[in-house]
Amino acid sequence: MIKEILTHGLNPQQKEAILYTKGPLFILAGAGSGKTKVIAHKFSYLVNAKGLHTDSVFTVTFTNKAAEEMKARIRNLLEKDTNSCWIGTLHSHCNRILRKEIKSLGHTNNFSIYDEDDQCNLVRHILKEFKIHEALFKGIVSRISSLKSSLIGPDKFLSSGDGFGFDEKLAKVYVRYQDELRKGNALDHDDLIMLTVELFEKKPKVLEKYQGMFSYFLVDDFQDTTRAQYCLLKLLISTHKKACVVCDDDQFIYRMRGADIHNIGSFEDDFPGTKVIKLEQSYRSTQNILNAAGAVIAQNHGRRSKNLWTKKDGGDKVFHCWFHTCEEEAKHIAKVIKELYLKGRYDYKDFAVFYRVNLEARVLEDALCHEGLPFRVLGNVSFYHRKEIKDVVAYMRLSVNHGDNVSLRRIINCPSRGINSVLLSRIEQEAKRRSISLFDAIKATLRDSPASAVKDSLTEFVKLIEHFSSLKCRSAAEMLRNLFDKSGYAKTLDEDRVRNVEELISSAEGKDIKDFLDHISLCTGMDEIAAGDYISLMTLHNAKGLEFPVVFIIGLEEGVLPYCKAMEGKDEITEERRLFYVGMTRSRDILWLTGASKRKLYAKVQDQEPSRFLKDIIKNCCECVETITTHHATKQETVKRQVVPKHAFALYSAGSRVKHPTWGVGVVRDCYGDGDDQKITVNFPIIGLKRIAIKFVNLEKI
DNA sequence: AAAACTCCTCTTTTT
DNA sequence: GAGGAGTTTT
């Protein structure tokens with residue numbers, strides 16, 4: 001009975017995926033095949049039919065956003081609170097475990113979590129000291145990160161190195177970097193995983209405890225796991241082998257972040273008898289879109305075979321259009337969006353434009369502005385990444401963890417406390433000589449230095465930080481507000497930035513200080529208040545996991561998609577192809593693929609060739625649209641005339657505003673007929689779309 | 001300590 | 001072509 005309720009409205013494969021709990025399960029889920037639904041339903045099946053406790057299902061998502069969605073879905077299905085559940089990213093799970101258990105590894109549990117920015121700062125500091133060319137810091141940070149994602153700690157790396165050249169330097173920096181983290185009582189994101197693995201390997205009792213806590217494991221986006229993450233999961237799963245991983249190898253687009261596609265094979269090897277279920281019915285795209293996307297991805301080899309199909313057969317062919325310049329491309333897209341919008345079938349929020357690199361968005365923004373269309377660009381600098389936010393958070397982190405040298409260096413002269421580089425390096429040396437934290441070194445220096453303006457401001461700084469660490473603030477907001485005022489930092493900011501900090505403070509209202517810090521460290525941005533009717537602009541990477549009725553993918557040119565810096569290796573090209581595939585499969589009804597012969601990249605305009613990926617599909621799947629710039633301009637004109645009729649008797653035209661006696665003001669989306677017989681489609685803000693015959697209604701044109 | 005100047009770089013990115 | 005960082009100038 002419960003079974004029927006929980007699997008109602010699901011297809012046979014989805015049902016099977018939910019009901020199979022005997023052993024390890026591998027779900028190969030195509031784009032739009034309802035994998036999130038399957039995970040949520042499986043969770044509730046485990047609880048309602050199998051009697052598992054909601055806290056004993058270890059559920060992993062790729063992003064925090066996905067975790068929130070999953071929680072909400074499960075909450076609705078179970079009608080139970082999901083707050084204490086283990087539904088989240090692996091990093092947040094590890095943080096939860098480490099805050100509790102890290103003492104047994106000799107750390108303290110008030111550790112700071114460093115983000116990429118902090119890592120870069122630390123590495124640069126080290127490079128300066130080692131007198132290694134500082135511009136290398138980015139490469140080094142990413143090398144260290146990928147070493148950690150493969151569970152290669154500094155010791156292991158050192159011993160593996162008969163290294164020469166760069167590797168030797170890297171090893172030296174890596175050792176020092178990890179040492180600095182340890183001294184500063186800080187972990188970077190990769191440490192969260194690596195240390196949890198270390199914890200489980202060194203402390204079998206702790207591992208047993210967590211193995212015992214969980215009766216089932218659900219892992220979404222398994223293709224995006226790193227080696228370290230896989231090892232962690234394997235440790236936890238190994239006892240009873242009740243796990244279900246969901247993955248799509250065709251959407252593996254995060255190799256650069258250390259994701260390892262071999263984990264898919266490892267899972268089946270490490271858990272023999274794994275049942276494989278394929279979800280191949282797409283509930284998203286039309287058959288035409290699936291055909292085109294399928295033709296693209298089919299060029300990649302060594303994939304798991306998969307045959308996506310849909311009941312939404314037919315649909316429009318995929319549109320393809322080539323332009324002279326990227327400006328024309330952008331203009332045309334704006335025009336198409338406007339026309340579709342005015343027809344009334346779609347809202348602005350139903351449109352998305354994807355591109356490979358952020359700088360492609362510029363031209364598009366101009367064009368959309370020009371047409372007066374509302375849009376938002378996703379994935380700009382995240383809120384927590386802004387300088388002013390990071391600065392106040394650094395104050396907060398230092399108050400919680402005095403050892404946090406990276407945070408201290410960040411704010412010691414912010415606002416200016418008159419500390420010059422001589423004094424600073426004296427403090428650094430003092431800290432090093434006595435192997436104490438910078439914070440303690442400052443205190444020591446203050447004790448035996450003569451009175452001065454610098455001494456006063458430093459004394460005040462120390463007092464401030466100590467005040468807040470001793471003080472039990474009621475909430476993170478209270479602490480932030482006080483720090484912001486009393487540190488004198490507020491005075492150094494302009495209005496905009498003050499407003500940002502205030503936004504941070506209000507988001508901290510009523511939250512526990514440590515929880516709030518964790519939240520900031522583990523989340524990328526403020527949960528986007530995505531509401532509102534906007535066209536979405538984003539990179540192909542950002543598009544993963546989303547869907548839109550109408551999708552445009554722009555810049556389909558050699559050097560852009562595939563991107564020029566990803567064209568050397570074969571693996572890189574296949575990843576670019578998957579990226580394109582991910583973009584295509586986001587679309588429900590309409591898909592446009594565009595490119596241009598001339599595109600402005602950085603300073604100069606470059607000549608562009610059509611992307612090799614287009615060759616795979618144009619012949620059979622695309623409807624090639626001629627542009628205004630070709631000789632057939634008349635065709636465009638006729639299309640336009642249909643949409644915006646301009647005969648003598650037409651009283652209203654698309655885009656004009658009218659007032660209705662009961663529904664208020666609305667925008668005309670589409671018109672039919674003329675004179676007294678004219679019928680119009682009007683969108684009213686609250687009521688929605690309405691068809692109106694003008695002779696029956698007393699409309700006012702405004 | 002701020003302003004001016006030069007140099008450099010410039011995929012994608014979640015945690 | 002713009003933003004960031006580091007260096008030199010005032």
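A, B, ... follow the sequence lines: proteins, then strands. Residue 1 opens every chain.
Annotation: cation-pi geometry satisfied between A/K544 and A/F62 (NZ/CZ under 6.0 angstrom from ring centroid, within 45° of ring axis). Both the sub-6.0 Å distance and the 45° axial angle are satisfied by A/R99 relative to the ring of A/F111.
Position along DNA chain B of the nearest nucleotide to A/K138 versus A/L192 favours A/K138 as the more 5'-ward residue. Comparing A/Y563 and A/Q119 by the nucleotide of DNA chain B whose heavy atom lies nearest to each, the residue mapping closer to the 5' end is A/Y563.
Counting only heavy atoms from C-beta on, A/M256 has its side chain closest to B/dT12 among B/dT11, B/dT12, B/dT15. The side chain of A/R124 has C/dG6 as its nearest neighbour among B/dT15, C/dG6, B/dT13. The A/R356 side chain lies nearest to B/dT11 when the options are B/dT13, B/dT11, B/dT15.
Remark: P of B/dT13 and CG of A/N64 are 16 Å apart, rounded to the nearest angstrom. Rounded to whole Å, atom P of C/dA2 lies 15 Å from atom CG of A/L601. For the pair A/F354 CZ and B/dT11 C1', the computed distance is 18 Å after rounding to whole Å. Remark: P of B/dA1 and CG of A/L424 are 13 Å apart, rounded to the nearest angstrom. Counting to the nearest Å, the P atom of C/dA5 and the CD atom of A/E134 are 11 Å from each other. The distance from atom CG of A/D224 to atom C1' of B/dT12 is 13 Å, rounded to the nearest whole Å. We find that CZ of A/R599 is positioned 20 Å from P of B/dC10, with the value rounded to whole Å. For A/R362 and C/dA2, the CZ to C1' distance is 8 Å, given to the nearest whole Å.
Here A/R176 pairs with A/E129 in a salt bridge; the nearest charged N to carboxylate O distance falls below 4.0 Å. Residues A/R578 and A/E575 are paired through a salt bridge, judged by an N-O separation under 4.0 Å between the basic side chain and the carboxylate. Between A/E576 and A/R356, at least one side-chain N (NZ, or NE/NH1/NH2) sits under 4.0 Å from a carboxylate O, which counts as a salt bridge.
Residue A/F217 forms a ring pair (Phe, Tyr, Trp, His ring centres under 6.0 Å) with just one option from A/F58, A/F43, A/W86, and that option is A/F58.
A distance cut-off of 5.5 Å between ring centres, combined with a plane angle under 30°, leaves A/H541 outside any stacking arrangement with the base of B/dT12.
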Dot-bracket for DNA chain B, 5' to 3', with Watson-Crick and G-U pairs under 3.5 Å, [ ] for crossing pairs and | for other-strand pairs: what is it? ||||||||||.....
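For the pair A/T539 and B/dT13, the criterion of a side-chain N or O lying under 4.0 Å from OP1 or OP2 is met. At C/dG3, none of the side-chain N or O atoms of A/Y602 fall inside 4.0 Å of OP1 or OP2 (strictly under the cut-off). Within the structure, a side-chain polar atom (N or O) of A/N542 is placed less than 4.0 Å from OP1 or OP2 of B/dT13. Contact between the side-chain N/O atoms of A/N358 and the OP1/OP2 oxygens of B/dT11 is not found at any separation under 4.0 Å. Between A/R255 and B/dT12 there is no side-chain polar atom (N or O) within less than 4.0 angstrom of OP1 or OP2.
Of the inter-residue distances, the one linking A/Q119 atom CD with A/D190 atom CG reads 6.5 Å to the nearest 0.5 angstrom.
Close placement of the A/F222 and A/F267 rings is indicated, their centers lying within 6.0 Å of each other.
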